[in-house]
Amino acid sequence: MEQKEINLINYALFEEKYKKILITGGLGFIGSALIFRLLKKTNAKIFNIDKLIQKGNSLSVNDQFYNYGKSKYQTINHDLKDNESLEKIFKESDPDIVFHLAAESHVDRSIESPRNFLESNVVGTFNLLENSLNHFNRLPIKRKSNFKFLHISTDEVFGSLGKSGLFNEKSNYKPLSPYSATKAASDHLVDSWFNTFGLPSLVSNCSNNYGPRQFPDKLIPKIIINAINSKPIPIYGNGLNIRDWLFVEDHINALLLMAFKGKPGAHYCIGGGVEKSNINLCKIICNLLDNLKPQQNSYSSLIEFVDDRPGHDFRYGIESKLIFKEIGWKPIFKFDQAIKKTIIWYLKNQDWVDYVMRESGYKGERLGTIN
Ligand code: NAD
Ligand code: DAU
């Protein structure tokens, strides 16, 4: 695994180009995986803007980042919806590249409280774009020619697929949830900053990620956590909705390659090529748990079909041909191994789960129902 990662990305060359890296949302699931990778593999200085929404997760991850030393890492506690002080943050961090991951990310929560999604995902992206452009325009020629703004987006902006077909870079935008509508709006803002102002931005549209440190309200952690606590595992509707699953470390490979070799103005679709219905995925995880932590009854006896998510997208599936052709990315982690690795991580890190749930106030309740 390690070897393959090294072969895919030339960290020495990466570090030569990008010595100071500004990341937003780095205390979240994908952002923290990106920061761990950069801290482990490079000597770049990382600045991480996060509003600490997942307090427990954030704090524990934060401490681990600081273990690499203050000269390599700094957290900036800031909500991107506030423009004030962003200019100062840019002047102090003086980045060679920006990875923008900060967003409200849960569809169910966007059904409950859409306003937060507009503020973080749309206004937050706008504020970051304005400040990134001012910073870019101030850079000397050589640093300017290397500078990139990477906007980390989702396949959900394309809406929902039927039983056949795949999303690719030519797919029309047709967001169907408040979450995906705000992500789509932010993608359009980013493209317009490229087209109008020449900000060298790129957009990634990625499928569902899984791996360590994903917050317990998302499907895969929820299945694992509920199962080992003998709680019902809620599956929305008939369980036949399909998602395309990608291991988070594969996503990080894609982002690093995009930073290094991606073309400004481009969108890249990133997918795992592992489509599973929710019920099928749930049974796979229950079967693995039956072997890893045997109990009298199979964990699948805990599966409970519950009311569907309002406006539930039926299927996502991604064609990742362009990113392979242009920058040589493809997923390298096998689903069977990576899902097992993920389950084992949750089994070994129940303290983390308790901690983030306690600190965030999330008690495992159903989100996104309409009264
Ligand atoms: P996450 O919810 O785990 O993390 C998001 C982080 O952003 C959190 O730490 C949060 O505190 C921070 N944040 C949110 N709003 C902020 C604001 N206004 N100011 C500062 N910080 C703020 O999400 P994730 O799963 O790691 O997703 C990261 C990004 O990747 C998101 O933009 C999401 O849309 C995108 N994405 C996620 C997936 C997936 O499957 N998880 C797939 C494709 C794309
Ligand atoms: O496709 C990329 C997107 O994937 C990202 O942009 C989002 O940030 C990320 O949260 C994810 O969105 P989904 O809505 O697909 O993920 P979630 O884990 O919430 O749900 C996955 C599927 O499982 C979906 O069809 C709804 C269903 N589900 C979810 C939960 C939480 C259940 O059946 N039961 C549940 O309890």
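For the numbers below, each heavy atom of this structure counts, side chains included, while hydrogens, waters and symmetry mates do not. Please read these numbers as outputs of a predicted model, since none were measured by experiment. Whatever order the structure lists them in is the order used to number ligands and atoms, beginning at 1.
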Which of these, I21, L27, I76, sits in a side chain to side chain contact (heavy atoms under 4.5 Å, CB included) with N48?
L27
If we set the cut-off at 4.0 Å for heavy atoms, which region of [X] has an atom near ligand 2: side chain, backbone, both, or neither?
{"X": "V107", "value": "side chain"}
{"X": "A103", "value": "neither"}
{"X": "E156", "value": "side chain"}
{"X": "D155", "value": "side chain"}
{"X": "R309", "value": "side chain"}
{"X": "R366", "value": "neither"}

Tell me, please: is [X] in heavy-atom contact with ligand 1, that is, under 4.0 Å?
{"X": "S207", "answer": "yes"}
{"X": "D50", "answer": "yes"}
{"X": "G26", "answer": "no"}
{"X": "H78", "answer": "yes"}

Close side-chain approach of [X] to [Y], heavy-atom, < 4.5 Å:
{"X": "K45", "Y": "K72", "answer": "no"}
{"X": "V122", "Y": "L189", "answer": "yes"}
{"X": "D108", "Y": "R309", "answer": "yes"}

State the atoms of ligand 2, each with its element, that fall below the 4.0 Å cut-off from a heavy-atom position in [X].
{"X": "H312", "result": "24 (C), 25 (O), 26 (C)"}
{"X": "I235", "result": "33 (O)"}
{"X": "K222", "result": "36 (O)"}
{"X": "P234", "result": "32 (C), 33 (O), 34 (N), 35 (C), 36 (O)"}
{"X": "C206", "result": "2 (C)"}
{"X": "N278", "result": "22 (C), 23 (O), 24 (C), 25 (O), 27 (C)"}

Distance flag, aromatic centroids of F215 and H106, threshold under 6.0 Å
no
Under 6.0 Å between ring centres: does that hold for Y18 and F99?
no
Can the positive tip of K276 be found less than 6.0 Å from the middle of the six-membered ring of F335, inside 45° of the ring normal?
yes
For [X], atoms of ligand 1 separated by under 4.0 Å from a heavy atom:
{"X": "S105", "value": "1 (P), 2 (O), 23 (O)"}
{"X": "L80", "value": "17 (C), 18 (N), 19 (N), 20 (C)"}
{"X": "C206", "value": "42 (C), 43 (C)"}

Do any heavy atoms of S177 fall under 4.0 Å from ligand 2?
no
Close approach of D217 to ligand 2, heavy atoms, under 4.0 angstrom:
yes
Would you mind telling me if ligand 1 is within reach of the side chain of H106, the backbone, both or neither, using heavy atoms under 4.0 Å?
neither
Check Y179 against ligand 1 and report side chain, backbone, both or neither, counting heavy atoms closer than 4.0 Å.
side chain
Between E92 and F47, which heavy-atom pair has the shortest distance, and what is it?
O-CZ, 4.5 Å
Pick, from Y236, F215, Y316, the option with the minimum heavy-atom distance to atom 29 (C) of ligand 2.
Y236
Which is closest to atom 15 (O) of ligand 2 in terms of heavy atoms, R243, E104, K218?
R243
Pair H151-D191, side-chain donor/acceptor within less than 3.5 Å:
no
Do the side-chain N and O atoms of S207 and D155 include a donor-acceptor pair separated by under 3.5 angstrom?
no
